[in-house]
Peer 1: 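What follows is a single structure, and I will ask about it in a moment.
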Amino acid sequence: MRFPKPLPAAAGVLLLVLWPLIFPDAAHIQQVLGITCLYATLALAWNLYALTGAISLGHAAFFGLGAYASALLNHYYHWSPLLTIPLGALAAVVFAVFWAMGFRRLRGVYLGLASLAALEIPKTIVDNWDRFTYGSMGIMGLDRLPSATLGGLQVDLGMDLQAQYYLLLGIMLLAVLLNLKSIRSRWGWTLRAIRENETAAAALGIASNRERAKALLLSSYLAGLAGALYAHILGLVEPGLVFNLHLSVLPLVFCIFGGSTKVWGPVLGAFILYPLEQLCLLPLFPMGHSAVYGLVIILTIFFFPQGIAAWLPRAPKSA
Amino acid sequence: MAAQGPQVCLEVRQIKKYFGDQTVLRDVSFSLPAGEILGLIGPNGAGKSTLFNIISGWQKADAGSVFFFGQEITSWTPKDLSRAGLARTFQVPQIFPEMSAWENVLMGAWLPPQSRPSFSKAQEEADHWLSLVGLLELRHTPARDLPLAQQRLVELAQVLATRPRLLLLDEIAAGFSLGAVKRLAAGLAKLRDQGLTLLLTDHLFNLLEEVADRVLALDRGEIIVQGPPAALIHHPDVVSAYLGTRCGAADNGEA
Amino acid sequence: MWVGTPIIFSGLALGSFYALMALGFSLILSVARVFNLAHGEMILLSGYLAFVLWQFFQAPFFWLLPICSLALLALTLPLHYLLRRLPEPYGLNSLMVTLGLALLLQSLLLAWFSADYRLMRLDWPAVAIPGLDFSFLSFQGLLIILALAVTAGVHLVLQRTFLGKALRATIQDREAAQVAGINVNQMGLVAFGLGGLLIGLAGPLFAQNMYLYPAAGTEATMIAIVVTIFAGLGRTRNILLGGWLLGLTQSVAVFTMGSKWRELVSAALLLLLLYFRPEGLSLKKER
Amino acid sequence: MQRIRSRPGPRARLTVWLLAALLCWANQPLSAAQEIRLGEIDPLSGPLAKHGQEIHQGILYAVEEANARGGVAGHPVKLLSRDDQSKPDVAVNQAQDLIFRGKVAGLVGGYVDSLVGPISQQAARHRVPYVASASLQQAFTGNKNPFFFRVSCLEGIVQPLCQFLSQTLKTKRVALLHAATPGATEFSDLVQADLHRRDIATVLQEKFRPGWPDFSVFLLKVPAARAETLISGGFYGDNLILVRQLRQRPLGLKAFIAPWGVAYQSFIDEVGQAGEGLFGACAWSPGITQPGTEKESQELVAGFRKKFGKDPNTTTMHGYTSARALLAALETVLQEGAKPTGEAVSRALAKLDLNLPMERLAFDAHGDPRHYQQVIVQIQKQRLVVVYPPERATGQVDFSLAAR
């Protein structure tokens, strides 16, 4: 079994927690890293499902459904985002149930392609249900994250970028914890067994479809949560934005870049690629940034075929 | 309930299987008392693997039924059969390629939902079974890097770790050296003495000769002879079945 | 005129266009196991080449097809050598590399050709069918004929030549093919070569049927992916059938339900197909 | 477990350090100088890049023009351009970056409402004036944001379009096709409502996703619905295909009119003969300019052609106009000797009254342009001819050319 050295991970987390206190003025970096945490959460959600060997191209559907459900609850009932976000994410889980039933027999490339097609279903419905979802117009003016009182301390999650950053960081760390549990537990090894050889897993009495569905439901809830947060951070939803294929590809890129099946892989991927693009490439090369981004991806894959996380110190195996 | 005489572990009744218009199994019936080692021989295409797949739930029979300790298990899924204590190995070993040999065996000890052992207990079990198949020194080697014969042993240790009551071994000794076959036979005999029931196929005869209590000879989907291995090995029908299929001679086919 | 005639014809032409966009993608995916996300950008590259040849050298359209095919062949072969150097996990790594390549190509196209929309404006005479009150554009006819011809060509190569047998063996079972002495890497090279020709062919057609702009590649890649799911891997004939099915469904959906349901209807059709035939349109299920 | 390649070599380590160094370096604040900085956020890549780049060129031209004149009240102006990749989170990131690190005096640009929205909220939060170049939706300026201004609005398109349809074309039945984006959807709904008030029936209203290769089946439904006029709320590329397929089969239409895409010289060049007789809408075009700005307009075209090797168009002009507004407000503030704070510049923007080639620019209390009004043009002999409103018309509608 693997017992990772906790030191680098702990140091990394500490760094993420402490830096805003040391550089309190760097609001734009808090902004970018906050969104990075959000996308890392999405990537971690994707990774949970990928642990069963499934490469999904449909996670934008969960993201979008979470965003829209939360937005609609907020718009029609004026509930606080603190309530609508966790509730709205359940819409993604409902979709995941259909997914788990419909795609039971699909594996590999076919599953990926089917999930890609599945994205169209919520997208087109939301886009065309004008009376309820406002269709292509989207919904603007959603409530921002409210201020909350924590132990006598007033934190404005909507306006104070630092507070928002800590909220998103916290949610990301929860997702990391969930990934950690799902990799280094009996269940995690069950998922790994399914991923490596489904026949052998079944021969050991593992109900692969059920375990895969469990992972998918967890994954969809996290992805929905990320979508719902996104809607309220930006204050708007629009079908083309939250059901965007780019949101399906992003977690894939972060996970493979960082190293899938490793707890910190998706986080590393997100924390390298997104800030690199947002803080360096876009300001430096307003026109050619995507060329550089593409080159970075290509070169990294050639140098780190197992993802960046493979570079992290790894503890020797103990028996 | 106290069993009178040996309990029947596996009973196969009138199994039929067709692929298109081709009959693969016709009315195959036999029963396997608990604690016995039953061998199954037959030339390629005799239907051994199909029979195995039907018993272990990987294929559906077109007719007939299978009973496991008195319970009908005819259309159970492999996963349910495994939970009930019916384990098998495959001709092409089904293991977890990225895991080490030891981790593979650990999966067998740790994951099966019916037992839910503690992790430390499962580790002990994994050590035990891996040493039983003699691969303890290769414990850290990724399974995919092992030679095929050793992959079979890993798979054997893995399914043994699930603590089955009946174990189906599909050509487990293929590619083994004579010494390895003898060691394996000794190990299997010991397992039988501990109460495990075994059903083995063998394309050749070497393992069955060593260890089987009784052997069924299958040809073109039918049991043609059964008896102790020593009696079967030179039985004219068995010999002609093997030779006939091998040479593909038409006159043998008509006989 | 029966109202269905132009709908069916439009659907067939559209479907043929889809199939021509997808052939190269499908071949590379099924033989070389490369999920080529830069597929659309490569089609665009070929399309822009055709545009330049047309604009500055007044090259006739039928010359553009072979020229662009060969040009893209010259591009995909080095790509194969590059991708072959990738270590495991090969599928995911090649996916990422082609994604990077897509971004790179998109930037290059933006830099070379600006973000403007380009159209290859050629006059395609209308063809009237005598006896029927129906006419169509000769380019639509060309799409259908080309799709049939190219599909037949690829089909013949796969079915009737020794190379094709080896290719099919590689598609069906890579490892078994390797055991049987087929050089799987060489088959990958062949697939990339054939794929390059097909992608090159698709370029001028794309430029003519749609319009060129640097971000259009994503659309083309999506078309290729969707048609490939319809068809199932490694079945050339089914690519055409899948394309036609998709094109016809979309045309009928637009006519009966309205443009806004086009995507939903095709997605639903696709999912139903996958539900009942997880391997795609193919009639025989592989065991 | 020793796996091959599981540990990267020194080259890989180097890559990581380089990445880290790049990150650290990027976080250095930009050095502050005497110059005035303007921030621009536009879709410079991706599907919207054409119009994003055009707006960018317009803004760039305005800034360089100002610098050539000696800057704004003596201060050189520097333009910091950013690509928003058509994603709102990126737009917000870049707005933040421009405000905090770039220390910009104001923001311009913005092509799509879902991106202009988040940028305007950043502008309000950090008290930086923002003049949006191409924002349309109405919902947008509903709640008062004293830092937000825009040089265009949907009314300025819908009004002349509907008046033209009822007064000049005298059409009774229209078919409406529009792209599934917020701006185009709102356009379609507004046109439908406005035409309804004028007793014009919308007999077919459909939307589609941009990038659709085949409109021929939709076009079959147009004569079936007995529509006389087809209004396309699609974008440039969609109209290219639509127009080509329109020519294949006579539909018995009185006119085809599209607010976006048609009124560009490049469009005319691309579609060639197929474009003859089409109607479009534009705010400005070389030769079509706000009365009294003819000379300025000509100079602008000449200068622009010299710099970019092509003519400016209506989109370019939206960028140019927004940048001009911001520069003018900055100049007012600086000439008064005040510090160019967000509040001061916004107050100056609110009081602005400029006669620019594209429009007479003055903002109302919501930051909307008071006088933004597009003209209806028809393509005649490969040229854009203004046919509506009458006071700006440069030619007559050619009805025979329009009918198809």
Side-chain angles (χ1 to χ4, degrees), chain A residues 50 55 57 98-99 101-125 127-130 135-136 245-246 249 252-253 255-257 260-261 269 277 285 287-307, chain C residues 29-30 33 35 37-38 41 82 85-108 110-111 115 214-215 218 221-222 225-226 228-230 232-233 257-258 260-280:
Chain A
I55 302 293
L57 287 174
F98 286 109
W99 172 319
M101 291 191 302
F103 297 165
R104 241 175 340 146
R105 299 199 293 168
L106 299 178
R107 301 283 180 274
V109 157
Y110 291 99
L111 179 62
L113 298 179
S115 59
L116 184 73
L119 170 61
E120 284 298 332
I121 290 181
K123 180 178 182 178
T124 318
I125 290 174
D127 202 353
N128 291 336
W129 195 354
D130 296 346
S136 307
L245 183 62
H246 130 87
V249 177
L252 178 91
V253 172
C255 286
I256 299 173
F257 187 90
S260 185
T261 73
E277 186 187 33
F285 315 101
M287 305 286 177
H289 56 86
S290 67
V292 184
Y293 193 75
L295 265 181
V296 167
I297 289 180
I298 295 175
L299 291 179
T300 314
I301 292 302
F302 273 97
F303 288 133
F304 303 88
Q306 305 275 340
Chain C
L29 176 62
S30 49
R33 305 267 168 221
F35 203 94
L37 286 178
E41 278 70 22
L82 187 75
R85 298 167 60 93
L86 277 175
E88 290 291 328
Y90 183 72
L92 288 180
N93 281 339
S94 62
L95 180 110
M96 287 287 283
V97 168
T98 53
L99 174 73
L101 187 67
L103 291 171
L104 196 65
L105 282 178
Q106 235 180 68
S107 301
L108 288 178
L110 187 65
T218 325
T221 308
M222 281 303 289
I225 291 176
V226 168
T228 303
I229 326 176
F230 260 86
L233 287 187
M257 302 168 72
K260 62 181 184 178
W261 296 111
R262 179 181 74 113
E263 285 85 4
L264 188 71
V265 169
S266 34
L269 179 74
L270 198 62
L271 291 175
L272 278 178
L273 187 86
L274 279 169
Y275 188 78
F276 291 108
R277 287 194 182 282
E279 302 280 318

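Within every chain, numbering begins at 1; the chains are lettered A, B, ... in the order of the sequence lines, protein sequences first and strands thereafter.
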Peer 1: Which answer fits Tyr90(C), side chain, backbone, both or neither, if we ask what part of it has an atom under 4.5 Å from a heavy atom of chain A?
Peer 2: neither
Peer 1: Which distance, rounded to the nearest 0.5 Å, do you find between the NE2 of His289(A) and the CG of Leu103(C)?
Peer 2: 10.0 Å
Peer 1: Salt bridge (Lys or Arg N to Asp or Glu O under 4.0 Å) with Glu120(A): which residues, sequence neighbours excluded?
Peer 2: Arg209(D)
Peer 1: Pick one of side chain, backbone, both or neither for Leu95(C), based on which atoms fall under 4.5 Å of a heavy atom in chain A.
Peer 2: side chain
Peer 1: Mind ranking Ile297(A), Ile125(A), Leu113(A) by heavy-atom pairs under 4.5 Å with chain C and telling me who comes out on top?
Peer 2: Leu113(A)
Peer 1: Side chain, backbone, both or neither: which part of Leu92(C) has a heavy atom under 4.5 Å from chain A?
Peer 2: both
Peer 1: Quick check: does any side chain N or O of Thr124(A) sit under 3.5 Å from a backbone N or O of Ile121(A), one acting as donor and the other as acceptor?
Peer 2: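 It does not hold such a pair.
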Peer 1: Considering only heavy atoms, which portion of Val226(C) lies under 4.5 Å from any heavy atom of chain A: side chain, backbone, both, or neither?
Peer 2: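 Interface part for Val226(C): neither.
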Peer 1: Could you check if a side-chain atom of Leu57(A) sits within less than 4.5 angstrom of a side-chain atom of Leu119(A), using non-hydrogen atoms only?
Peer 2: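 With C-beta onward as the side chain, the pair stays apart.
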Peer 1: If you count heavy-atom pairs under 4.5 Å with chain C, which of Ala291(A), Ala118(A), Gly288(A) comes out on top?
Peer 2: Ala291(A)
Peer 1: Can you list the residues that meet the salt bridge (Lys or Arg N to Asp or Glu O under 4.0 Å) rule with Arg107(A), with sequence neighbours excluded?
Peer 2: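 Scan of Arg107(A) (salt bridge (Lys or Arg N to Asp or Glu O under 4.0 Å), adjacent residues dropped) gives Glu198(A).
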Peer 1: Can you find a pair of side-chain heavy atoms, one from Glu41(C) and one from Leu108(C), that are under 4.5 Å apart?
Peer 2: no
Peer 1: Based on non-hydrogen pairs under 4.5 Å, which of Val253(A), Val292(A), Leu245(A) is most in contact with chain C?
Peer 2: Val253(A)
